[in-house]
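Written below as structure tokens is the structure these notes are about.
Lettering follows sequence order; numbering is per chain, from 1.
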There are 2 protein chains.
Amino acid sequence: MKKNYLEKNKPEHLIKDAKVLVEKYPKVPLTVDCVIFGFEENKLKVLVIKSDLEYYKEHYSLLGDIVKDNEELDEAAYRILKERTGMNDVFLDQVRAFSHPNRHPGGRVITVAYCSLLNINHHQLKIHDNDLNWHSLSDLAEMAFDHKEIVDGCYAWLQKRIQEHPLGFNLLPVKFSLRELQNLYEAILAVSLDRRNFRKKFASMDLLIDIDEMEQDVPHRPGKLYKFNFEKYEKSKRKWIGIDF
Amino acid sequence: MKKNYLEKNKPEHLIKDAKVLVEKYPKVPLTVDCVIFGFEENKLKVLVIKSDLEYYKEHYSLLGDIVKDNEELDEAAYRILKERTGMNDVFLDQVRAFSHPNRHPGGRVITVAYCSLLNINHHQLKIHDNDLNWHSLSDLAEMAFDHKEIVDGCYAWLQKRIQEHPLGFNLLPVKFSLRELQNLYEAILAVSLDRRNFRKKFASMDLLIDIDEMEQDVPHRPGKLYKFNFEKYEKSKRKWIGIDF
DNA sequence: CTTTACTATGTAAAAGTTACACATTATCTG
DNA sequence: CAGATAATGTGTAACTTTTACATAGTAAAG
């Protein structure tokens with residue numbers, strides 16, 4: 001963005017050729033890693049693959065790839081997600097960059113983490129592709145590189161994010177019961193919530209559409225099914241003001 | 001983080017030499033830009049310098065520099081801040097990366113934005129250094145590169161952040177009045193708040209220490225002075241659970 | 001037809017938020 | 001030194017939100 005500090009202390013003059021300047025900049029390999037959360041059997045899962053590196057043989061790693069020349073980071077993230085899962089209609093948010101000099105055994109590589117949520121049952125995985133699989137978040141112990149740290153960072157980010165945005169609806173079928181919704185929140189936030197208060201909360205937000213259908217094939221009294229009112233949410237996104245710490 | 005997609009479709013085998021792999025990765029110039037907010041005369045300001053590039057002659061730009069070999073991004077941000085302002089005891093948070101391919105006229109440069117808040121009166125600026133100065137946020141129209149976009153992004157981030165963390169105390173003198181505190185919040189959040197409710201809110205948080213001194217040299221009834229209880233805040237950081245969107 | 005395992009719902013108490021007005025106290029001015 | 005000015009400091013009632021908690025209903029399975 002600017003000449004470096006040593007250069008800066010020379011007598012002032014403007015730099016005429018920005019290209020020449022940038023050519024002198026040091027360069028680093030840059031990758032994107034996707035932390036894809038999914039939800040199944042009331043558990044939060046993360047999409048992982050076996051690492052390609054002998055160094056990390058049998059360790060899991062995230063879906064990642066280099067950023068191409070002239071590719072935006074967002075683009076790279078969507079590309080990777082699409083290449084690996086076939087999906088292209090998913091929220092994908094930049095979380096942050098990880099830059100520890102020794103995070104990659106091959107030398108310095110900086111990575112930018114992206115986070116997403118998707119519905120496991122809506123997306124068929126190419127299972128044989130490097131042992132791609134949904135791994136339960138709670139017993140994801142060791143991972144290749146600093147990927148465990150990245151997952152932890154994204155999980156914390158997700159917990160916060162889901163309290164402010166209805167990301168969770170990506171994890172549910174189009175029609176879902178309130179119980180399914182609550183299970184989702186309980187799994188992601190790792191808390192248990194009072195059912196009556198949970199329902200009241202969502203009822204008061206008025207973002208669920210009662211579609212007048214019931215659950216099928218459940219071994220107990222079926223619950224009502226709802227849809228999420230995406231349109232209304234888009235219109236009424238609140239900008240909150242409140243100081244709380 | 002992984003071999004790219006074309007390579008991936010070759011028959012499976014593990015990569016023995018991670019170094020060789022990384023050497024093949026494309027590399028990009030990477031910079032850090034610091035968005036330093038300060039507060040003076042009840043206005044929020046940003047620290048800017050004149051751009052070095054003839055291309056952006058007379059435009060302001062952020063404090064930025066390349067990331068050195070084997071330097072962490074956080075380190076780079078703290079280094080830049082220290083080099084330019086002399087400060088090294090400030091919160092500095094990564095906001096996000098900006099990667100538009102044409103954001104720099106010299107070719108592709110990716111930058112990671114960091115955001116900070118500091119007390120203008122506590123830090124003497126090297127004024128002749130590239131016309132470094134505090135520029136009022138509200139009339140910062142054009143900037144070099146995509147720096148206006150970066151500032152806007154960081155400002156939005158800051159507004160949110162300051163509602164959850166007491167960052168604002170960095171902008172105030174050690175001893176401050178409640179009015180000063182309120183002015184700060186009003187300036188950053190761009191709202192006006194009820195004085196009684198504001199005071200009640202902070203009183204209930206119990207994070208202010210009444211130091212039993214009064215303002216001096218004010219042309220009206222002086223207010224009480226307080227200190228922020230950093231220690232107590234550290235102990236009681238709340239982890240909130242609440243769904244709201 | 002009884003058990004099981006859920007769904008569905010209401011209410012009272014507590015906590016937090018909002019809106020609002022008046023007395024007080026330094027300083028400044030004439 | 002009296003009055004005007006420009007702040008500080010405080011309390012309360014209405015409202016909203018959150019929390020805690022218990023009972024009745026229904027489909028399926030045996």
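- Here the C1' atom of nucleotide D/dT18 and the CH2 atom of B/W240 are 15 Å apart, to the nearest Å.
- Taking the six-membered ring for Trp and thresholds of 30 and 60 degrees, B/F202 and B/F198 have ring planes inclined between 30 and 60 degrees apart.
- Looking only at distances, a side-chain donor or acceptor of B/N119 sits under 3.5 Å from a matching main-chain atom of B/L172.
- Distance NZ (B/K201) to P (C/dA19): 15 Å, rounded to an integer number of Å.
- Nucleotide C/dA26 holds its C1' atom 12 Å from the CD atom of B/Q216, rounded to whole Å.
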Under 3.5 Å donor-acceptor pairs involving side-chain atoms of residues 203-215 of chain B, not counting sequence neighbours:
| residue | atom | partner | partner atom | Å |
| --- | --- | --- | --- | --- |
| B/S204 | OG | B/K201 | O | 2.9 |
| B/D206 | OD2 | B/K232 | NZ | 2.7 |
| B/D210 | OD1 | B/D212 | N | 2.8 |
| B/D210 | OD2 | B/K224 | NZ | 3.1 |
| B/E213 | OE1 | B/K175 | NZ | 3.1 |
| B/E213 | OE2 | B/K175 | NZ | 3.0 |
| B/E215 | OE1 | B/G223 | N | 2.8 |
| B/E215 | OE2 | B/S177 | OG | 3.4 |

Determine, for nucleotides 1-11 of chain C in 5'-to-3' order, which nucleotides have protein heavy atoms under 4.0 Å from the base (write B), from only the sugar-phosphate (write S), or from neither (write -).
----BBBBBBB
Determine whether B/K148 and B/E142 satisfy the following criterion, salt bridge (Lys or Arg N to Asp or Glu O under 4.0 Å), listing intermediate values before the conclusion.
CA-CA 7 Å; B/K148 184 59 165 66; B/E142 287 202 355; over 6 Å; no
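- Whole-Å rounding puts the B/D244 CG to D/dT16 P distance at 16 Å.
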Give each protein N/O atom lying under 3.5 Å from an N/O atom of nucleotides 13-15 of chain C, with the pair distance.
none

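- Under the salt bridge (charged side-chain N to carboxylate O under 4.0 Å, His left out) criterion, B/E40 pairs with B/K45, sequence neighbours left out.
- Atom CG in B/L208 sits about 12 Å away from atom P in D/dG9, given to the nearest Å.
- Put simply, OG on A/S99 and CD on B/Q94 are 7.0 Å apart, with the number rounded to the nearest 0.5 Å.
- When the salt bridge (charged side-chain N to carboxylate O under 4.0 Å, His left out) test is applied to A/E75, no partner is found at least two apart in sequence or on another chain.
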Name the atoms and distances for all side-chain donor-acceptor pairs under 3.5 Å in residues 189-197 of chain B, with sequence neighbours left out.
| residue | atom | partner | partner atom | Å |
| --- | --- | --- | --- | --- |
| B/D194 | OD1 | B/R196 | NH2 | 3.4 |
| B/D194 | OD2 | B/R196 | N | 3.0 |
| B/D194 | OD2 | B/N197 | N | 2.9 |
| B/N197 | OD1 | B/K200 | NZ | 3.1 |

